[in-house]
Amino acid sequence: MRCLPTRRSVLGAAAAAAGSGLLAACSTAPGSAGPQGSAAESRAGHGSVHHGGPRADGPEGYVDPSGPEVRAAEAARDATGPLTEVKVTATATTLDLGGGRTVRSWAYGDRLPGQEVRATAGGTLALTLANNLPEATSVHWHGLALRNDMDGVPGLTQRDIAPGGSFAYKFAVMHPGTYWFHPHTGVQQDRGLYAPLIVEDPKEPLSYDKEWVVVLDDWIDGVDGATPDAVLAELRKGMGAQSTGGAHGHAHVRTGGESDVLGKDAGDVVYPHYLVNGRVPEDPSVFTARPGDRIRLRIVNAGGDTAFRIALGGHELTVTHTDGFPVEHTTARSLLLGMGERYDVLVTAGDGVFPLTALAEGKDGSALAVLRTGTGTAPTAATRPAELESRPLMADALRAAGPAVLAAREPDRTVQIRLTGSMTRYDWAFDGTPYTPDQRHPVTAGERVRLEFRNATPMWHPVHLHGHSFALGSEPGGARKDTAIVLPGGRLTADFDADNPGLWMTHCHNVYHSESGMMTVIGYRL
């Protein structure tokens, strides 16, 4: 069969031809989509293209990320849809943030965000990453329930992709939705290494005229010599070593920043810029449509340390999906997205020029994009739509819809995870123990597993589970998510079915918290 090009794939191919560093194409799918090659082949030199992932080191008695259980689960997905092939280069480059601002950073190709990738649910994605960076990297497919050896966690599911090397990721993509990809190596995600991944539904139930992918970010890399690694080094000194008043040498570290939703400490890092689709608010990206158009917005928070409260001036948002899964349609004036969260919304465009404003929650500053359907004065960086004044909608107010409803079932196993640490010592962890790759919270295939996250810290945390989606709350019908906010002193209950064997990371999606130790592993027992 041939893959029929979508309106997005045509645009993507044109952009790739212009030298974006990413090439996409469709071809006939040869059936199920597991990568070929042995674990020994995958261990061969870093400079070659690898197929499959190496066997993880750790306690015996757990499923190997490239073992027979993982291969069998991939074969059972029976991905007979189109094959999407993509080539991506991670490279050091100069990025134009708009308004005359340029920075040296790392990115996929020469653009920010990286060129959007589109695949079809029921098909296969084959993406080869070439690493032209000065250090090792990886790619994690945020939100996808994919085969374990393609999950992109160095030291757990694959080896680092060394400088000059490359890695061939190939896996079935079964669930439509809004996803994204980024490194799982150090704090590289807080550079320009991220891009949206849209898995299209061949039986799309929504009706709309246009689609607008909106990627939010907080930006510090390359501004006045700053790097995420230098920021992490500052943070690791702990607030006990920081002087008050933003003294020289600690300008990127913050405390406080109160939010009426997230509490008295909204983030750790002072960012000079907040971006929508790689643009500063003084020179925003503009999306054009006609009055009355029904527009689907796919919103991704790719930030490292910032939650965003987002609204479209003069419009009501109808939430249709969160983290790729459908919800009962719910109207809202504004939304709050923690790092890693995604929301799909529908809007009916008015006539004029409208600000899409994303406030950095509990911080100073905002990001801006513009919807233009007619004449009018363009909004500015200082524009604050009235819709932002109301309390934003969050995932606990949503209900799963249709096939996203997790069947009612008592949990076979409860995994309790306590969130610990503080800004004083910057010792973020789960259960007081910083991450090591040999950690395992055991589960067994076929179980209904309940995760209970208890936040013993004075700060909020967006927790993310790899390779699965969970239902929020202990009662049936909670929204299906892979990333969810745990408030200070709060508790989050998340149920999932253990139906994807392997070793799966769960962690705080504040990149500085996770790199400081707030990560652990859910491991399937043999």
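Side-chain atoms are counted along with the backbone in the values below, which use heavy atoms only and exclude waters and symmetry mates. Throughout, numbering of the chain's residues begins at 1 and tracks the sequence.
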| request: Give the C-alpha distance, both sets of side-chain angles, the deciding distance and a yes or no for side chain to side chain contact (heavy atoms under 4.5 Å, CB included) between D260 and E361. | output: CA-CA 9 Å; D260 59 353; E361 184 73 12; 3.7 Å; yes
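- Taking the side chain as every heavy atom from C-beta outward, P385 and L312 never approach each other to under 4.5 Å.
- D412 places no side-chain N or O within 3.5 Å of a backbone atom of V443 that could act as its donor or acceptor partner.
- The aromatic rings of Y426 and W428 sit perpendicular to each other, their planes meeting at more than 60°, with 30° as the lower class boundary.
- Between V521 and Y62, the closest side-chain pair of non-hydrogen atoms is not below 4.5 Å.
- Using a 4.5 Å heavy-atom cutoff, the side chains of D305 and K363 are in contact.
- Taking every heavy atom of both residues into account, N500 and G467 meet most closely at ND2-O, 3.1 Å.
- Judged by distance alone, with hydrogens and angles left aside, the side-chain atoms of D149 form no donor-acceptor pair with the main-chain N or O of T157 at under 3.5 Å.
- Pairs of residues two or more places apart, or lying in two chains, never qualify as salt bridge (Lys or Arg N to Asp or Glu O under 4.0 Å) while including a residue from residues 516-525.
- Residues L336 and L262 are in side-chain contact: their nearest non-hydrogen atoms beyond the backbone lie under 4.5 Å apart.
- Between A311 and L388 the shortest heavy-atom distance is CB-CD2, 3.6 Å.
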| Does the salt bridge (charged side-chain N to carboxylate O under 4.0 Å, His left out) test come out yes or no for R450 and E452, once each step is laid out? | CA-CA 6 Å; R450 174 164 294 171; E452 289 186 350; 5.1 Å; no
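- In this structure, CG in L197 is found 10.0 Å from CZ in R298, a value given to the nearest 0.5 Å.
- Heavy-atom contacts from other residues, nucleotides or ligands closer than 6.0 Å to CZ of R333 number more than 12.
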| What's the verdict on side chain to side chain contact (heavy atoms under 4.5 Å, CB included) for L317 and V347, showing C-alpha distance, side-chain angles and the deciding distance? | CA-CA 6 Å; L317 309 176; V347 299; 3.5 Å; yes
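- Annotation for D499: atom CG counts as buried by contact number, over 12 foreign heavy atoms lying within 6.0 Å.
- For the residue pair T483 and P462, the shortest heavy atom distance occurs at CG2-CB, 4.3 Å.
- The backbone N or O of D64 lies less than 3.5 Å from no partner atom in the side chain of S66, so there is not a single donor-acceptor pair.
- In this structure, OG on S105 lies 7.5 Å from CG on L112, to the nearest 0.5 angstrom.
- Between Y169 and F167, the gap from one ring centroid to the other is short of 6.0 Å.
- Q189 places a side-chain N or O within donor-acceptor distance of the main-chain N or O of A302, the cut-off being under 3.5 Å.
- Side-chain atoms of D268 and M459, non-hydrogen and from C-beta on, do get closer than 4.5 Å to each other.
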| said: Using the rule given for salt bridge (charged side-chain N to carboxylate O under 4.0 Å, His left out), can you reason through R191 versus E135, listing the C-alpha separation, both sets of side-chain angles and the distance that settles it, and then say yes or no? | reply: CA-CA 13 Å; R191 296 180 186 260; E135 64 181 51; 5.7 Å; no
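- Contact between L398 and Y343 at its shortest, heavy atoms only, is CD1-CE2, 3.7 Å.
- When side chains are defined from C-beta on, N455 does not count as touching L492, because their heavy atoms never get closer than 4.5 Å.
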| request: Could you please spell out the steps behind the side chain to side chain contact (heavy atoms under 4.5 Å, CB included) verdict for W141 and L127? | output: CA-CA 11 Å; W141 311 92; L127 184 145; 3.7 Å; yes
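- With hydrogens and angles disregarded, no donor-acceptor distance shorter than 3.5 Å links the side chain of R425 to the backbone of M423.
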| How far apart are the C-alpha atoms of Y271 and D217, what are their side-chain angles, what is the distance that settles it, and do they pass the side chain to side chain donor-acceptor pair (under 3.5 Å) test? | CA-CA 10 Å; Y271 287 91; D217 192 19; over 6 Å; no
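- Using modelled atom types, one finds no donor on one side chain facing an acceptor on the other under 3.5 Å when comparing R279 with S285.
- Without hydrogens or angle criteria, R440 side chain to P437 main chain gives a donor-acceptor distance under 3.5 Å.
- Listed for the D190 side chain is no donor-acceptor partner under 3.5 Å among the backbone atoms of P228.
- T420 places a side-chain N or O within 3.5 Å of a backbone atom of G432 that can act as its donor or acceptor partner.
- Taking the six-membered ring where the residue is Trp, H142 and H140 present perpendicular rings, their angle passing 60° and hence far from 30°.
- L216 CG to I310 CD1: the interatomic distance, rounded to the nearest 0.5 Å, is 4.5 Å.
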| said: side chain to side chain contact (heavy atoms under 4.5 Å, CB included), that's the test. Do E69 and N148 meet it? Break it down for me. | reply: CA-CA 10 Å; E69 299 82 5; N148 192 218; over 6 Å; no
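- Using a 4.5 Å heavy-atom cutoff, the side chains of S138 and T185 are in contact.
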| Steps toward side chain to side chain donor-acceptor pair (under 3.5 Å) verdict (D438, T436) | CA-CA 6 Å; D438 61 351; T436 55; 2.6 Å; yes
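- In this pair, W180 and Y194 present their aromatic rings perpendicular. The plane angle is above 60°, beyond the 30 to 60° band.
- The CG atom of L337 sits 12.0 Å away from atom CZ of R309, with the distance rounded to the nearest 0.5 Å.
- Of the possible polar contacts, none joining the D431 side chain to the I417 backbone as a donor-acceptor pair under 3.5 Å is found.
- Classified by interplanar angle (parallel below 30°, tilted 30° to 60°, perpendicular above 60°), the ring pair H507/H466 is perpendicular.
- To the nearest 0.5 Å, atom CZ of residue F470 and atom NZ of residue K481 are 7.5 Å apart.
- Considering NE2 of H184 and CG of D151, their distance stands at 7.5 Å, rounded to 0.5 Å.
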| request: Show the numbers, then the answer: is there a salt bridge (charged side-chain N to carboxylate O under 4.0 Å, His left out) between D344 and R296? | output: CA-CA 7 Å; D344 289 22; R296 180 180 192 167; 2.8 Å; yes
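- A donor-acceptor pair is defined here as one N or O able to donate and one able to accept, closer than 3.5 Å; such a pair exists between the side chain of R480 and the backbone of A404.
- Considering only heavy atoms from C-beta on, R384 comes within 4.5 Å of L359 through its side chain.
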